[in-house]
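Below, read A as the first sequence line, B as the second, and so on, with proteins coming before strands; counting in each chain starts at 1.
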Amino acid sequence: SQKIEQNSEALNIQEGKTATLTCNYTNYSPAYLQWYRQDPGRGPVFLLLIRENEKEKRKERLKVTFDTTLKQSLFHITASQPADSATYLCALGRDDKIIFGKGTRLHILP
Amino acid sequence: GAVVSQHPSRVICKSGTSVKIECRSLDFQATTMFWYRQFPKQSLMLMATSNEGSKATYEQGVEKDKFLINHASLTLSTLTVTSAHPEDSSFYICSARQGISYNEQFFGPGTRLTVL
């Protein structure tokens, strides 16, 4: 069955450093991959989408890579700030369906 | 950006009663709406997909007679949890999408359901 793994349940990063989150998947060939941010008790907020034929996408301090050979995506937040503390969800999609990972709780330490 | 609202944000009900949750796209027409359920520290699990004016498509293992979905207009979808039980307590989140599948989904703020 399809499986998505996000590298760790929680990650602590010092303010100003780059936070790198990992998303690995098996038994799936997504057409696109998305990253979302979710704050406690709130719905997810879309951040970035990268298609299967793209290697890298950037948006302000965010960067996403997508390696379909390794079946892995890396999500980077540069110059991290305490306000970046949240849970980040990786989601894989093909046609209408999106499958979400459990998320990584990121804590940016001041 | 596009805004999706949900109502209510929290609901507590007695076992055996039914609860209706509304999902609205406020500034765009949503061709498709999705309903998810999220248990603590778990991923969002898709329950069903609904297109305006047609019957919802339910995921495997989701009882369509228990989770009634109505998508009567391009801006409103409702989820009714019928005869709710404590195991139905969860965080229910809807999302709405315009157009083709690559378009991002806009999520609502979620509804916390607690069944006593």
### Query
So does A:E60 have more than 12 non-hydrogen atoms from other groups sitting under 6.0 Å from CD?
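Not buried by this count: 12 neighbours or fewer within 6.0 Å.
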### Task
Group every Ile, Leu, Val, Met, Phe, Trp and Tyr by side-chain heavy-atom contacts under 4.5 Å, then state whether B:F34 and A:I98 land in the same group.
yes
### Query
If Ile, Leu, Val, Met, Phe, Trp and Tyr residues are connected whenever their side-chain heavy atoms lie under 4.5 Å apart, and connections chain through other members, are A:L21 and A:L92 in the same group?
yes
### Query
Would you say B:I93 and A:P44 make side-chain contact, with heavy atoms under 4.5 Å?
yes
### Message
Quick check: closest heavy atoms across A:G101 and B:S43, and the distance to 0.1 Å?
### Response
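Between these two residues, the closest heavy atoms are O-CB, 3.0 Å.
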#### Entry: Euclidean distance, A:K102 NZ relative to B:F39 CZ, rounded to 0.5 Å
13.0 Å
### Query
Is a side-chain donor-acceptor pair under 3.5 Å present for A:Q38 with B:Q38?
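Their side chains do contain a donor-acceptor pair, which is all the 3.5 Å distance test asks for.
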#### Entry: Connected-component partners of B:V62 among ILVMFWY, side-chain separation under 4.5 Å
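So far as hydrophobic clustering goes, B:V62 is joined with B:V11, B:V19, B:I21, B:W35, B:M47, B:Y58, B:F67, B:I69, B:L79, B:V81, B:Y92, B:L113, B:V115.
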